[in-house]
Amino acid sequence: LEQLPLLLAPLWMCAVFLGDNWAAAGGALWCVGRIVYALGYYKDPAKREAGFIIGFIASALLFLGTAIGLILH
């Protein structure tokens with residue numbers, strides 16, 4: 001739950017300014033990252049960084065998509 005605000009706001013803004021398909025791709029990537037994070041955490045808590053990085057990249061891309069959409073708008 002702690003990362004949802006970092007996802008939902010740029011997800012919504014990216015959908016508004018850049019399009020639903022781009023936002024859906026970023027949201028799907030974030031979901032994959034959370035699954036990888038959980039699987040790594042179940043095996044060994046030290047192996048969770050790959051999922052965190054994937055989720056962080058997805059959030060960063062959504063922020064970038066929002067910025068690009070605002071500039072183009």
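One-based numbering along the sequence shown.
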At what distance, to the nearest 0.5 angstrom, does [atom1] of [X] lie from [atom2] of [Y]?
X	Y	atom1	atom2	answer
Leu8	Met13	CG	CE	13.0 Å
Ile53	Tyr37	CD1	OH	12.0 Å
Leu11	Leu6	CG	CG	12.0 Å

Thr66 side chain to Cys14 main-chain N or O, any donor-acceptor pair under 3.5 Å?
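Checked: pair present.
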
Strictly by ring-ring contact (aromatic ring centres under 6.0 Å, His included), give each pair with a member in residues 49-68 just once, sequence neighbours left out.
none

Could you pull out the closest heavy-atom pair between [X] and [Y], with the gap in Å?
X	Y	value
Gly27	Leu62	N-CD1, 4.4 Å
Ile54	Leu29	CG2-O, 3.6 Å
Pro5	Pro10	O-CD, 4.0 Å

Are [X] and [Y] grouped together when hydrophobic residues (ILVMFWY) are joined by side-chain heavy atoms under 4.5 angstrom apart?
X	Y	result
Leu64	Ile71	no
Val36	Leu61	yes
Trp12	Leu70	yes
Val32	Ile57	yes

Sequence-distant partners of Phe17, ring pair (Phe, Tyr, Trp, His ring centres under 6.0 Å), two or more places apart
His73

Quick note, side-chain hydrogen bond (donor to acceptor under 3.5 Å, both in side chains) partners involving residues 42-55, not counting sequence neighbours, are none

